[in-house]
Asks: 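One structure is given below, represented as C-alpha cells, and several questions about it will come after.
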Amino acid sequence: QVQLVESGGGSVQTGGSLRLSCAVSGHTYSSACMGWFRQAPGKEREGVATIYSGGSNIYYVDSVKGRFSISQDNRKNTLYLQMNSLKPEDTAMYYCAADLSLAATYCSGTFFLRGPSKLGYWGQGTQVTVSS
C-alpha cells in the first residue's frame, strides 16, 4: 500500500514562501504521475502542478506559473512544491497525489484535471494560509 504524507504548510504573509513536501512510502509505480492539488473553502479542487517520473512533462496551472516549482527527489522518495511570492488566493488545503501513468501527457491531462484514478493515491493534505 502506497502512502503519501504532506508537510510544510503553514501561515505566511503575502509575498512569503513555503516548501511543501510529500513523503512517499510503500510500493510505488515505476512510471507514475505525481502532483499537487488544492482546494479552498467554497471552491472545487484544482490541479496545481504535476510531474512525470524522471522529471519530464512538468505542468503548472496558469495562476502559479513563475511562482511555484514542482520537483521530486528520488533518493529521498519525496515530492516537493516550492511556493514563492504567495498570494492570498493561494490559501487552500494542498494535497499530493500519485497515479500510474502510461504516458507522460496523462500527468497534464486527466490526472491534472481529475486527480488520480481508483488505482492512485491521495495524501491527507496540508493547510496553506496566506494573509494579505
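In what follows, residues are counted from 1 in the order of the sequence shown. Being a predicted model, the structure only gives us computed values, none of them experimental.
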Asks: Indicate, with yes or no, if Tyr95 and Leu18 share a hydrophobic cluster defined by side-chain heavy-atom contacts under 4.5 Å among Ile, Leu, Val, Met, Phe, Trp and Tyr.
Replies: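 No.
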Asks: Are more than 12 heavy atoms from other residues, nucleotides or ligands located less than 6.0 Å from atom NZ of Lys65?
Replies: yes
Asks: Working to the nearest 0.5 Å, report the span between OG1 of Thr126 and CE of Met93.
Replies: 7.5 Å
Asks: Please name the pair of heavy atoms, one in Gln1 and one in Tyr121, separated by the smallest distance, quoted to 0.1 Å.
Replies: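 Result for this residue pair: NE2-CE2, 3.3 Å.
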Asks: So do Thr14 and Leu86 actually touch side chain to side chain, heavy atoms under 4.5 Å?
Replies: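 No; the side chains remain at least 4.5 Å from each other.
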Asks: Test your reading of the model: is there a side-chain donor-acceptor pair from Tyr60 to the backbone of Arg67, 3.5 Å cut-off?
Replies: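 Checked: no pair found.
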Asks: Can you tell me how far CG of Asp99 sits from CH2 of Trp122, rounded to the nearest 0.5 angstrom?
Replies: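 The distance works out to 10.0 Å.
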Asks: Other residues, nucleotides and ligands only: do more than 12 of their heavy atoms fall within 6.0 Å of CD on Gln127?
Replies: yes
Asks: Would Leu113 end up clustered with Val64 when hydrophobic side chains under 4.5 Å apart are linked, directly or stepwise?
Replies: yes
Asks: Compile the donor-acceptor pairs under 3.5 Å between side chains in residues 4-12 and protein atoms, sequence neighbours left out, one pair per line.
Replies:
residue : atom : partner : partner atom : Å
Glu6    : OE1  : Gln124  : N            : 2.8
Glu6    : OE1  : Gln124  : NE2          : 3.3
Glu6    : OE1  : Gly125  : N            : 2.8
Glu6    : OE2  : Cys96   : N            : 2.7
Glu6    : OE2  : Gly125  : N            : 3.2

Asks: Are Phe68 and Asn84 close enough that some pair of their side-chain heavy atoms sits under 4.5 Å apart?
Replies: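 Of all side-chain heavy-atom pairs linking Asn84 with Phe68, none is under 4.5 Å.
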Asks: Do Ile58 and Leu81 belong together in a cluster built from hydrophobic side chains that touch within less than 4.5 Å?
Replies: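 Both belong to a single hydrophobic cluster.
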Asks: Scan the side chains in residues 32-50 for donor-acceptor partners under 3.5 Å anywhere in the protein, sequence neighbours excluded, and list what turns up.
Replies:
residue : atom : partner : partner atom : Å
Trp36   : NE1  : Tyr80   : O            : 3.2
Arg38   : NE   : Glu46   : OE2          : 2.7
Arg38   : NH1  : Asp90   : OD1          : 2.9
Arg38   : NH1  : Tyr94   : OH           : 2.9
Arg38   : NH2  : Glu46   : OE2          : 3.0
Arg38   : NH2  : Ser63   : OG           : 3.3
Gln39   : NE2  : Lys43   : O            : 3.2
Arg45   : NH2  : Arg114  : O            : 2.9
Thr50   : OG1  : Cys107  : O            : 3.0

Asks: Taking the side chain as every heavy atom from C-beta outward, state whether Gln82 and Ser17 have any atom pair closer than 4.5 Å.
Replies: yes
Asks: With rounding to the nearest 0.5 angstrom, report the OH to OG distance, Tyr106 to Ser117.
Replies: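 Taking OH in Tyr106 and OG in Ser117, the distance rounds to 4.5 Å.
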Asks: Kindly compute the distance separating CG (Asn77) from SG (Cys22), expressed to the nearest 0.5 Å.
Replies: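 Answer rounded to 0.5 Å: 9.0 Å.
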Asks: To the nearest 0.5 Å, how far apart are OG in Ser69 and CD1 in Ile51?
Replies: 8.0 Å
Asks: Give, for atom OH of Tyr59 and atom CD1 of Ile70, the distance between the pair rounded to the nearest 0.5 Å.
Replies: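 Tyr59 OH to Ile70 CD1: 13.0 Å, rounded to 0.5 Å.
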